[in-house]
Each structure stands twice: as structure tokens, then as C-alpha cells.
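Notes follow once the structure below has been shown.
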Amino acid sequence: MSQPLISVEGLTKRFDISRSIRDVMTGKHPQLQAVADVDFNLAPGETLGIVGESGCGKTTLGRMLIKLIPASEGTILFDGKDISEMDGAEELAFRRRAQLVFQNPFDALNPHFTILRSLTEPLRNARVPKEEHLGRIAEAMEMVHLPAPEHFLQSYPHQLSGGQLQRVVLARALVLRPDFIVADEPVSMLDVSVRAGILNVLREVRDRTGLAAVFISHDLALVRYVCARTITMYLGAVVEDGPTRDIVENPLHPYTKALVQAVPIPRVDQSHDPLPISGGLPDARNPPSGCRFRDRCPLVEARCAAEVPRLRDVGGGRRVACHLV
Ligand SMILES: Nc1ncnc2c1ncn2[C@@H]1O[C@H](COP(=O)(O)OP(=O)(O)OP(=O)(O)O)[C@@H](O)[C@H]1O
Ligand code: SF4
Ligand SMILES: [Mg+2]
């Protein structure tokens with residue numbers, strides 16, 4: 001494998017949560033662990049899917065990767081350099097190279113800005129010379145298959161459809177010619193009829209530009225459509241990692257098995273069955289001892305409560321965190 005573009009080690013995020021009167025009296029500062037000891041590498045040009053139920057920590061992980069929020073513990077190396085130590089010109093360069101594509105295109109754009117202004121803003125912030133702006137915008141609009149004539153660029157967000165807005169949001173990330181994007185549920189707010197179009201644009205952009213991407217979704221069918229490799233997260237921790245095809249055809253972790261069973265027909269415009277496991281995610285403020293999945297696992301054994309299963313290499317580019325694998 002080539003030198004990773006991103007290397008994540010021991011990444012953990014804890015949020016302070018509100019204190020009860022009892023906490024105040026006893027001087028406690030309760031915390032919630034949203035991301036727990038995550039390790040992975042991302043090669044240049046690689047597209048990595050991150051999949052898991054709502055609340056498992058996907059967005060928190062994505063926000064740390066582009067330095068929108070700091071980690072509580074652990075490191076993120078970008079091209080070998082710790083992003084928490086970057087400042088000045090180095091940080092500006094990182095912020096240009098690493099971009100976020102927002103989940104909700106209806107919120108992502110300022111309703112009072114024309115499309116042209118929304119696309120110019122990041123170029124200005126990144127101090128790209130003014131004479132390059134229009135060329136960069138035309139290039140990005142072409143990549144997302146949007147017309148760049150004057151009347152389109154002078155329109156406002158409310159005049160566009162959801163699919164067009166999400167293409168503008170993607171173009172806004174691409175004007176900076178990034179090496180890495182985090183796409184957080186980029187189609188979940190869109191009508192199913194336009195989802196495939198946006199996913200195809202993402203695939204084309206990746207193939208044309210060679211950018212690396214983390215594609216976050218609760219939906220394995222979408223991840224399968226876009227990503228060669230996938231990580232499954234459960235309650236903040238990585239439970240499985242491997243080539244997407246292997247994970248879908250032969251999931252090893254009991255939680256991934258449940259996710260795969262909920263996607264019987266892997267089409268992006270198909271509704272899914274509910275997860276074939278009982279209950280929901282446990283309370284992240286008070287995770288189960290041992291294996292975090294044990295409350296819902298059909299294969300649970302006595303040692304699952306006592307020992308945390310480590311994420312282990314099981315060959316074939318796969319890692320799994322389960323005592324039985
Ligand atoms: N700023 C915050 N303060 C306190 N808790 C937070 C904060 N942001 C997220 N959390 C909690 O961290 C956990 C992970 O949240 P996160 O948004 O990362 O999950 P997610 O996998 O992206 O979920 P979804 O699929 O619903 O978007 C949840 O328990 C959430 O309530
Ligand atoms: S470690 Fe135990 S509880 Fe956890 S997934 Fe494996 S069998 Fe299930
Ligand atoms: Mg999220």
C-alpha cells in the first residue's frame with residue numbers, strides 16, 4: 001500500500017454533557033464518548049465508507065478528520081503531519097486540501113447569496129488569486145454537470161431543486177481542488193429519484209481527480225455503490241473494516257451481518273428492512289462493559305461482558321472486533 005494520505009490512531013472524542021443537580025453536588029463532570037479509540041489509514045485516491053446506525057459517531061469522526069472539532073485523544077496525520085499541530089500557512093493549506101460536503105443542501109448554502117457568491121467565498125477565504133476564480137468555478141460546475149451560464153450563477157438557492165443544490169454544495173468543495181473530502185450523508189435529504197445521479201457524480205469526480213474520500217452513511221446500499229472499502233461503526237468504535245464486496249458478501253462481525261441482512265436488494269432507491277436485531281444503540285453515556293454490542297448480539301457469550309474484543313487483522317485486508325471471529 002502506498003504511503004497513507006490520512007493515518008488515524010487511537011482517535012477518541014468525549015463530549016461534556018449537562019450535569020444533574022446531583023452531579024453538581026458531587027463535583028462530577030459527566031461525559032459521553034462519541035468516538036472510541038478509532039484506528040485506520042486512508043490511501044490517496046481511496047474512497048472509504050463509514051456505516052452504522054444513527055448516533056454511532058460517524059459525523060463526529062468526520063468532523064475531527066477535517067479539523068472542525070478537536071479530538072479528545074489520539075492523532076490524525078495528514079500527509080504525515082499531525083493536524084492538531086498545524087497553524088498559520090500550514091493550516092490554511094490543510095483547510096484547502098480537506099473539504100466537507102454537508103448533509104443538508106437546503107441548509108448548507110446562505111439563502112441570501114447567489115450561487116456565484118457561494119462558490120466564490122471559499123476561494124476568497126483560501127486566498128486563491130481573483131483571476132483564477134471564474135475558471136475554477138467553471139471547472140467545478142462542469143464536474144458536477146451543472147450549467148455555468150450567467151443566469152444560473154446569478155440564481156438563489158430557493159430557485160434550485162434539491163438535486164441541483166447538492167451539486168452546488170459539491171462544486172463548492174471542488175473549487176478548491178481538494179485532495180480529500182468528507183461527504184456526510186450527502187444524499188439522505190434528497191428524493192430517492194435524484195440520489196443515484198449525485199452518487200454517480202461523486203464516483204466520476206473521484207475517478208477524474210483522484211481525490212480520497214470518506215463517505216458517511218447509515219445505509220450500506222449507498223456505501224456499496226460508491227466505496228471500495230468500508231468500516232462498520234458501533235457505539236463509537238470500529239467493529240469491522242475491509243473491502244466492501246467482502247463485507248457485503250461475507251460479513252464477519254454479528255453487527256455487520258445484521259446491517260447486511262437489512263439490505264436484501266442493494267439498490268440505492270430501495271427501502272430497507274428493519275435491522276434483524278432487537279433494541280437500539282445503548283446509551284453512549286454508559287456503554288456496556290466488554291463488547292459494546294453484547295446487549296443485542298445473538299451470539300453473546302460469558303466472556304463478551306468481561307473482555308473488550310480488540311480490532312484484529314484476520315487476513316484479506318480485513319479487521320474484525322469479535323471474540324468469535
Ligand atoms: N456536541 C455534542 N455534544 C454532546 N453530544 C454530542 C454532540 N455531538 C454528538 N453528540 C453525541 O455523540 C454521539 C454520536 O453522534 P454523531 O452525530 O456523531 O452520530 P452519527 O453516527 O453521525 O448519527 P446520525 O446517523 O444520526 O447522523 C451521539 O450520542 C450524539 O448524541
Ligand atoms: S464479542 Fe461477543 S457480544 Fe461482541 S459481537 Fe462477538 S460474540 Fe457478539
Ligand atoms: Mg451524522
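We number each residue from 1, following the sequence as shown. Counting starts at 1 for both ligands and their atoms, following the listed order. Note: hydrogens, waters and symmetry copies are ignored here, and every other heavy atom, side chains too, is used.
Residue, atom and distance of the protein heavy atom nearest to atom 26 (O) of ligand 1 are Ser54 OG, 2.5 Å. Of the protein's non-hydrogen atoms, the one nearest atom 5 (N) of ligand 1 is Phe15 CD1, 3.5 Å. For atom 12 (O) of ligand 1, the closest non-hydrogen atom on the protein side is Ala34 CB, 3.3 Å. Here the protein heavy atom with the shortest distance to atom 31 (O) of ligand 1 is Leu32 CD1, 4.7 Å.
At least one protein heavy atom sits closer than 4.0 Å to atom 7 (C) of ligand 1. Protein non-hydrogen atoms do reach within 4.0 Å of atom 10 (N) of ligand 1.
Using a 30° and 60° split on the angle between ring planes, Phe78 and Phe94 fall in the perpendicular class, above 60°.
A salt bridge is defined here as a Lys NZ or Arg NE, NH1 or NH2 lying under 4.0 Å from an Asp or Glu carboxylate O, and Arg319 with Glu240 fails to meet this definition. Between Glu91 and Arg95 there is a salt bridge, with a side-chain nitrogen of the basic residue lying less than 4.0 Å from a carboxylate oxygen of the acidic one. The pair Glu139-Arg177 meets the salt-bridge criterion, with a side-chain N (NZ, NE, NH1 or NH2) lying under 4.0 Å from an Asp/Glu carboxylate O. Under a 4.0 Å N-O distance rule, the pair Lys13/Glu73 does not qualify as a salt bridge. Contact check on Arg206 versus Glu46 returns no salt bridge, with no Lys/Arg side-chain nitrogen under 4.0 Å from an Asp/Glu carboxylate oxygen. A salt bridge is absent between Arg172 and Glu121: the closest approach of a Lys/Arg side-chain nitrogen to an acidic carboxylate oxygen does not fall below 4.0 angstrom.
Arg296 forms no cation-pi arrangement with Tyr255, by the criterion of a distance under 6.0 Å to the ring centre and an angle within 45° of the ring axis.
The Lys58 neighbourhood of ligand 1 comprises atoms 18 (O), 19 (O), 20 (P), 21 (O), 22 (O), 23 (O), 24 (P), 25 (O), with distances under 4.0 Å to a heavy atom of that residue.
When Asp219, Thr60, Asp283 are ranked by how near their heavy atoms come to atom 18 (O) of ligand 1, first place goes to Thr60. Among Leu235, Val35, Thr59, the residue whose heavy atom lies closest to atom 27 (O) of ligand 1 is Thr59.
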Next on the checklist: Go through it in stages, so that I can follow the logic: the residues are Asp184 and Val101, the test is side-chain contact (heavy atoms from CB on, under 4.5 Å), and I'd like the CA-CA distance, side-chain angles, deciding distance and then a yes or no.
Outcome noted: CA-CA 6 Å; Asp184 188 357; Val101 177; over 6 Å; no

Checklist entry - Does the pair Asn41 and Ser7 meet the rule for a side-chain hydrogen bond (donor to acceptor under 3.5 Å, both in side chains), with working shown? => result CA-CA 4 Å; Asn41 288 336; Ser7 188; 2.8 Å; yes

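Protein N/O/S atoms found under 2.8 Å from atom 4 (Fe) of ligand 2, listed by chain and residue number: Cys291 SG.
Looking only at side-chain heavy atoms (C-beta outward), Phe152 and Leu160 come within less than 4.5 Å of each other.
Under a 4.0 angstrom heavy-atom cut-off, Gly55 registers as being in contact with ligand 1.
Residue contacts with ligand 1: Cys56 is placed with a nitrogen or oxygen under 3.5 Å of a nitrogen or oxygen of the ligand (distance criterion only). By the 3.5 Å distance cut-off applied to N or O atoms, Gly57 is counted among the residues near ligand 1.
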